[in-house]
Amino acid sequence: MTAVKQHYQKELNPQQIRAVEAINGPVLIIAGAGSGKTRVITYRIAHMLGAGVPQSAILALTFTNKAAREMAERIRALLGKKLPNLIVSTFHAFGVRVLRSHIHRLGYRENFSIYDTSDQLSLLKETAREMKMPLENLDLYGTLTAFSRIKSGSAEWNEDTAQLRPLYDDYQSHMKLYNAVDFDDLIQIPIRILREHPDVLDEYRRRFQYMLVDEFQDTSRQQYDFMHLLGVEHQNVCVVGDDDQSIYSWRGADYKNLVQFENDFPGLCEIKLERNYRSSDTILAAANGVIAHNTNRKSKNLWTGTQGGSPIELAYPEDERAEAAFIAEKIKTLAMREQLKYHDVGVLIRTNNLARTLEEGFLAENIPYRMSGGESFFQRKEIKDMICYLRLCANPDDDVSLLRIMNTPRRGIGRKTLEQLQEYARSAGVSLFSAMHALSAASDSPLAARAQADLAEFTALIDTYRPKLLSGKRMAETVTALVAEIDYWSHLVSEHQKNDKVAKWKFRNIELFIDIMRAYESDPDNLDPGLFAFLNRITLQLRDDIEDDDDRGKINLMTIHAAKGLEHEVVFVAGVEDGVIPHARAIEEDEANIEEERRLFYVAITRAKRKLFLTSCRRRKVMREVIDCSPSPFLEEIPAELITVSEADTTVDQSEAADYFAMMRARFAKSS
DNA sequence: TAGGCCAAGATTTTC
DNA sequence: TCTTGGCCTA
């Protein structure tokens with residue numbers, strides 16, 4: 001018996017062992033919350049390797065970078081090996097990989113740019129402007145969503161969307177001209193390559209004899225197609241999921257994939273993991289009570305052997321600041337009385353904008369925290385500027401990047417000049433950068449001499465740095481020099497005249513960015529340290545995926561989406577109010593979304609191992625106005641006997657509040 | 001013609 | 001609150 005086998009046979013229950021050992025043929029693992037899924041997957045892969053499956057034959061796909069990284073780490077730790085040929089990655093990252101090797105088959109070049117939402121947005125605006133569509137009556141965000149649905153195959157053109165079609169076609173042809181792809185393309189284009197080029201399909205099928213898809217409930221139609229394409233021949237496909245934790249339908253996740261899987265892979269082996277090892281029975285009962293209100297679930301009976309958890313505490317703080325104070329104070333108390341470690345605490349929120357007040361509260365109480373998810377470091381304005389410089393160097397046809405930086409810092413290239421450039425670019429069918437070259441050099445250029453000189457200076461800048469960056473050597477130093485040459489610091493200072501702290505902070509971010517770059521290019525385990533690989537990677541990653549310094553000693557603040565797959569001894573869910581969970585916008589969009597919102601709440605609850613706190617503010621500041629809030633309807637779905645309402649922060653009416661402040665003032669006066 | 005200033009509106013969640 | 005876009009001025 002192998003060492004791995006000895007290990008897991010002791011540690012796992014019979015269903016889990018089945019899930020580990022069923023490596024041939026299609027397998028569907030329904031893994032309830034806290035049922036030891038990650039452990040099973042880890043052992044499963046270890047077991048496969050132990051059974052003689054080469055690492056290069058395994059393709060494990062997950063949904064988030066965090067999950068991918070964690071899985072890879074766990075397997076490595078278990079086996080004590082590096083496993084350089086084992087691929088554990090997100091669908092999108094794997095898509096990039098396929099594109100890097102084969103995108104030329106569809107007429108793109110290998111130095112393609114990847115556009116994130118903000119790039120897409122700029123392109124969309126640009127396209128609309130060009131087509132003389134008034135921006136006011138165009139719902140940009142909604143349009144992008146519609147485009148995405150079309151691209152990812154979760155919707156067809158219909159009467160409602162038909163009017164967007166010319167815009168879409170133009171958007172697409174621009175993307176092609178710029179040699180750029182968006183997130184949907186990262187799946188869609190590989191699918192097209194595999195379908196249109198049997199030799200490529202064959203190559204991948206021969207290599208990846210075993211596939212594993214985690215968080216299967218979150219796969220979109222196109223991701224499913226991708227998986228199916230690669231796995232249908234050998235049928236060694238294992239998918240792991242839990243329909244109750246499907247929280248990404250807004251991104252195209254389609255629970256129908258489960259049914260589809262059962263059809264496409266007949267004779268599959270279905271394994272249910274229903275024993276919860278994570279949460280106390282109180283927490284589990286609350287979670288079950290909530291999720292039972294959803295229809296359309298695969299039947300499941302999650303149970304735990306643990307008895308007698310402490311009750312769930314519910315508090316009604318006055319407003320979001322009181323909420324932050326309440327949470328901070330509870331954490332301090334628990335840390336003191338029960339030796340709770342900060343890193344064992346998770347504070348979960350529905351939306352990122354709730355983070356700010358909480359962060360302030362933690363800062364005030366000196367509680368170290370880490371915010372994960374949220375705005376990516378790489379989305380920050382100053383970082384995005386740097387990235388666009390790099391992208392333009394990598395791919396000079398990338399007009400979106402060019403537009404962003406051509407006047408950042410100010411170079412005196414104004415509206416008129418730009419219009420002339422665009423006119424030229426359009427008629428010649430070339431990118432703006434080529435147009436710049438052409439018009440700045442031409443003697444019969446329609447541009448003013450001044451403008452010509454400005455353009456020439458800009459193109460010279462890019463042309464100088466391009467070869468240096470592409471050489472793949474000392475990129476970090478090159479970027480440092482670039483930042484100095486464009487004098488980005490002065491730009492920051494002039495942009496933030498009232499507030500030089502902000503300028504300093506932003507500059508510090510740029511230094512951090514350069515550090516990340518340096519770490520990337522000097523990592524000996526990195527097989528592809530060039531500029532393209534770096535750019536590709538950072539567009540797919542949140543900051544927090546890169547920071548792997550130890551986060552022990554910090555509490556974890558994150559959105560519920562980001563918390564999926566994680567667990568904490570103590571969990572706080574903040575903002576459990578109607579309109580927040582369930583989110584007003586989601587419900588507005590479609591009433592049926594209530595079920596997904598409920599699943600979200602379910603995911604939040606089931607992150608807790610020992611103790612769960614819920615807070616629901618009576619008032620909350622939204623944008624700039626204070627609104628009255630009512631508790632989330634989901635609270636009523638938790639069996640009442642499991643909840644105690646926290647005394648500390650029950651309603652304080654106005655007169656009492658006034659008294660309280662008077663008392664505090666008096667006390668303060670006395671002691672000073 | 002470029003850049004500064006002011007008013008209005010906004011992203012729910014992530015690759 | 002912060003960003004974006006439009007308008008006005010030099």
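Below, read A as the first sequence line, B as the second, and so on, with proteins coming before strands; counting in each chain starts at 1. Owing to the predicted nature of the structure, the values given are computational and were not obtained by experimental measurement.
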Between N or O atoms, less than 3.5 Å apart, protein on one side and nucleotides 10-13 of chain B on the other: list the pairs.
unit_1	atom_1	unit_2	atom_2	d
B:dT12	OP1	A:Arg585	NE	2.4
B:dT12	OP1	A:Arg585	NH1	2.9
B:dT12	OP2	A:Arg585	NH1	3.2
B:dT12	O4'	A:His583	NE2	3.4
B:dT12	O2	A:Arg350	NH1	3.1
B:dT12	O2	A:Arg350	NH2	2.1
B:dT12	O4	A:Glu589	OE2	3.1
B:dT13	OP1	A:Asn352	N	3.3
B:dT13	OP1	A:Asn352	ND2	2.6
B:dT13	O2	A:Trp250	NE1	3.1
B:dT13	O2	A:Arg350	NH2	2.7
B:dT13	O2	A:His561	NE2	3.4

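Put simply, CD on A:Glu597 and CZ on A:Arg350 are 4.5 Å apart, with the number rounded to the nearest 0.5 Å. Between atom NE2 of residue A:His568 and atom CG of residue A:Leu612 there is a gap of 12.5 Å, rounded to the nearest 0.5 Å. The CZ atom of A:Phe112 sits 12.0 Å away from atom CZ of A:Arg391, with the distance rounded to the nearest 0.5 Å.
For the P atoms, the distance from C:dG6 to B:dT11 is 15 Å, rounded to whole Å.
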Quick tally for nucleotides 1-6 of chain B: nucleotides whose base has a protein heavy atom under 4.0 Å get B, sugar-phosphate-only ones S, the rest -, giving SSSS--

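The distance between atom NZ of A:Lys384 and atom P of C:dT4, rounded to the nearest whole Å, is 11 Å. The distance between atom CG of A:Leu566 and atom P of B:dT14, rounded to the nearest whole Å, is 13 Å. For the pair A:Lys621 NZ and C:dC2 P, the computed distance is 11 Å after rounding to whole Å. Regarding A:Lys151, its NZ atom lies at a distance of 14 Å from the C1' atom of B:dC15, rounded to whole Å. Atom CG in A:Leu140 sits about 14 Å away from atom P in B:dG9, given to the nearest Å. Here the C1' atom of nucleotide B:dT14 and the CG atom of A:Asp184 are 12 Å apart, to the nearest Å. We find that CG of A:Asp385 is positioned 14 Å from C1' of C:dT3, with the value rounded to whole Å.
A salt bridge between A:Arg100 and A:Glu110 is absent, with no side-chain N of the basic residue lying under 4.0 Å from a carboxylate O of the acidic one.
Distances shorter than 4.0 Å separate none of the side-chain N or O atoms of A:Lys564 from OP1 or OP2 on B:dT14.
The salt bridge (charged side-chain N to carboxylate O under 4.0 Å, His left out) check on A:Glu637 picks up A:Arg598, with sequence neighbours excluded.
Side-chain N/O atoms of A:Gln420 and A:Gln422 include no donor and acceptor closer than 3.5 Å.
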For residues 178-193 of chain A, run the donor-acceptor check on the side chains, cut-off 3.5 Å, and write out each pair with its distance to 0.1 Å, sequence neighbours left out.
unit_1	atom_1	unit_2	atom_2	d
A:Asn179	OD1	A:Arg109	N	3.0
A:Asn179	ND2	A:Arg109	O	3.4
A:Asn179	ND2	A:Asn111	OD1	2.8
A:Asp182	OD1	A:Lys151	NZ	3.2
A:Asp182	OD1	A:Asp184	N	3.2
A:Asp182	OD1	A:Asp185	N	2.9
A:Asp182	OD2	A:Gln120	NE2	3.3
A:Asp182	OD2	A:Lys151	NZ	2.6
A:Asp182	OD2	A:Tyr171	OH	3.2
A:Asp184	OD1	A:Ser148	OG	3.4
A:Asp184	OD2	A:Ser148	OG	2.9
A:Asp185	OD1	A:Lys151	NZ	3.0
A:Asp185	OD2	A:Lys151	NZ	3.0
A:Asp185	OD2	A:Asp182	N	3.0
A:Gln188	OE1	A:Gln222	NE2	2.6

Identify all side-chain donor-acceptor contacts of residues 383-390 of chain A below 3.5 Å with residues at least two apart in sequence or on another chain.
unit_1	atom_1	unit_2	atom_2	d
A:Lys384	NZ	A:Asp116	OD1	3.1
A:Lys384	NZ	A:Asp116	OD2	3.1
A:Lys384	NZ	A:Ser118	OG	3.0
A:Lys384	NZ	A:Asp119	OD1	2.8
A:Lys384	NZ	A:Asp119	OD2	3.2
A:Asp385	OD1	A:Arg404	NE	2.8
A:Asp385	OD1	A:Arg404	NH2	3.3
A:Asp385	OD2	A:Tyr488	OH	2.5
A:Tyr389	OH	A:Thr408	O	2.6
A:Tyr389	OH	A:Arg411	NH1	3.4
A:Tyr389	OH	A:Arg411	NH2	2.7

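Contact annotation for A:Thr117: base contact, defined as any heavy-atom pair under 4.0 Å involving a base atom.
Pairs passing the side-chain hydrogen bond (donor to acceptor under 3.5 Å, both in side chains) check and including a residue from residues 575-594 of chain A, sequence neighbours excluded, read A:Glu577-A:Arg620.
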